[in-house]
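What follows is a short report on a single structure.
As the structure lists them, so they are numbered: ligands from 1, and atoms in each ligand from 1.
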Amino acid sequence: MPLTAIVFGGRRAKSAPLVYQARNWQHGVFVGSIMASETTAAQAGDVGVIRRDPMAMLPFCGYNMGDYWQHWLDMGKKIKNQPKIFNVNWFRLDDNGNFLWPGFGENFRILDWITRRCVGEVNALDSPVGYIPNPEDIDIFGIDYEVSPGRKFDSDVLREILTIEPAFWKSDVDSIKDFYSKFEERLPKEMTEELARLEEKLGLQQKNIVILATGGTIAGTADSSDETVRYTPATVGIDALIESVPEIKNIANISGEQIAQVDSKDMDNDIWLKLAERVNSLTANPDVTGIVITHGTDAMEETAYFLNLVVNSEKPVVLTGAMRPSTAISSDGKINLFNAVILAGSSQARGKGVLVTMNDTIHSARAVVKTNTFLTDAFRSPDLGALGYILGNKAIFHKEEIRRHTFNSQFDITNLKQLPKVDIVYGYANASRSVIDALVQSGADGIIYAGVGNGSIFSDAEEGLIDARKAGVVVVRSSRVGNGIVNRNGAVDDDRLDFIASDTLNPQKSRVLLMLALTKTNCTKEIQKMFMEY
Ligand code: ASP
């Protein structure tokens with residue numbers, strides 16, 4: 001049977017208006033998911049406690065509610081004429097606990113409005129929570145109801161119950177967050193998006209962004225403004241960096257911390273662990289909206305991918321830097337920092353893994369590569385493409401990274417003091433095994449071989465790698481090509497030699513993943529699986 005409207009309802013003393021309409025199907029699923037009633041004296045337990053009962057289905061739903069919402073979302077895609085979704089609340093109270101709406105048979109007046117909305121007969125007001133009736137569109141003719149002694153129901157009362165009180169919604173938002181947190185990874189991301197949109201529309205989203213500075217050219221200075229090559233990276237401190245782009249303070253409350261002050265060629269495991277720990281503790285703070293990390297460009301892709309695997313949060317974490325020192329004509333650092341703050345404050349960037357923005361482009365940590373030694377558009381995702389752009393102060397996404405990352409990653413650096421030793425060996429015609437032998441001697445736990453083509457290995461180097469594997473070193477075949485897949489048992493019989501293929505990860509990112517993999521296991525089968533998943 002075709003349905004025209006679905007009406008959810010709850011008993012809310014102050015927050016929900018008499019009736020409101022969801023903006024679209026996804027928003028409607030959100031409206032259903034946050035359905036709630038406040039307990040009354042008729043129930044056992046405390047009065048006024050919010051009880052969430054999504055779609056009034058909690059007692060009947062035999063499986064995870066998160067999956068149930070996903071089912072609604074999926075159904076929405078299949079239904080041609082989606083029913084309109086409404087929420088009603090007959091139970092708004094005045095400050096003395098009197099019901100403001102007469103209820104019972106008078107509720108038909110609201111169903112009448114709903115019907116007229118469905119056939120497009122009446123307009124509505126776009127409020128932060130959804131579409132609310134223009135008071136004159138509700139027929140109150142003939143209602144004879146006394147709200148409290150001396151106060152008759154009239155259009156003023158109607159107006160009152162059609163408003164929303166941001167203060168009540170603020171605490172409701174907190175309670176929704178609390179409720180949603182129970183569903184963990186089963187919560188559809190659409191629900192988090194809708195919640196963020198609600199906060200944004202309520203003007204509650206006081207964005208707090210923390211900038212963690214690590215050095216690099218963005219903090220670099222030269223003797224003159226025409227000097228873009230000879231300069232000293234990592235000289236400008238975080239406070240001066242923030243002061244140099246005052247526009248970011250219009251986007252969010254900004255605070256900064258100096259985590260390191262290095263040229264990123266000197267980025268090491270200790271700084272990585274310190275940085276990751278700091279990001280994890282900051283993102284766990286409910287007041288923090290997102291994190292920006294300023295970084296040298298040379299090793300930015302490695303730090304980004306490392307964080308992508310060990311940060312345990314859906315909040316935006318964005319790396320940026322500069323190709324030209326801060327003193328140069330047309331230095332790119334300021335606009336890159338500005339864009340990074342936009343991205344870190346954007347609800348769209350949530351759950352998308354660690355991101356890099358350079359030159360108005362958004363990249364995933366997994367795909368991004370520095371591809372030029374000096375141009376300002378050095379950062380590309382050459383193999384699989386960038387995620388989107390930053391244009392007109394807005395982050396615009398066109399795709400997302402589907403490999404496991406951040407909140408969905410198994411890696412954990414809590415209590416990790418050091419990382420396994422993994423080195424990279426470059427492949428070339430006539431490559432010898434001597435570097436490989438030296439690495440085994442020096443106690444390497446893993447070797448990434450940046451092979452030619454599809455991870456092919458010159459025979460002498462291959463002998464060295466076979467012996468390295470026999471000595472317990474884990475060997476991963478990547479490629480120096482920079483594009484495409486190094487596939488298992490492709491150019492080399494990985495099954496026989498017990499090697500691992502890197503899929504599309506370049507050698508430097510393969511190193512990051514292997515280091516973390518080795519904190520979990522030495523089993524090559526499991527590690528190969530990780531290379532296919534992350
Ligand atoms: N050498 C610098 C660094 O990586 C380059 C840059 O930041 O662009 O720290």
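Residue contact check: Gly216 has heavy atoms under 4.0 Å from atoms 7 (O), 9 (O) of ligand 1. Numbered from 1 in the order shown, with element, the atoms of ligand 1 that lie under 4.0 Å from a heavy atom of Thr217 read 2 (C), 5 (C), 6 (C), 7 (O), 8 (O).
A distance-only check finds no donor-acceptor pair linking the side chain of Ser326 to the backbone of Ile218 [under 3.5 Å].
Of all non-hydrogen atoms in Gly296 and Thr214, the two that sit nearest each other are N-OG1, 4.4 Å.
By the 3.5 Å distance cut-off applied to N or O atoms, Lys370 is not counted among the residues near ligand 1. Remark: ligand 1 and Ala322 share an N or O pair separated by less than 3.5 Å (distance only, no angle test). Residue-to-ligand polar distances keep Tyr231 apart from ligand 1: every N/O pair is separated by 3.5 Å or more.
Comparing Asp298, Thr297, Thr373 by heavy-atom distance to atom 7 (O) of ligand 1, the nearest is Thr297.
Using a 30° and 60° split on the angle between ring planes, Phe30 and Tyr180 fall in the perpendicular class, above 60°.
Expressed to the nearest 0.5 Å, how far CD1 of Ile527 lies from CG of Leu518 amounts to 4.5 Å. The CZ atom of Arg403 sits 6.0 Å away from atom OG1 of Thr504, with the distance rounded to the nearest 0.5 Å.
Ranking the protein heavy atoms by distance from atom 4 (O) of ligand 1 puts Ser264 OG, 2.5 Å first.
Here the two rings, on Tyr449 and Phe499, have centers that are 6.0 Å apart or farther.
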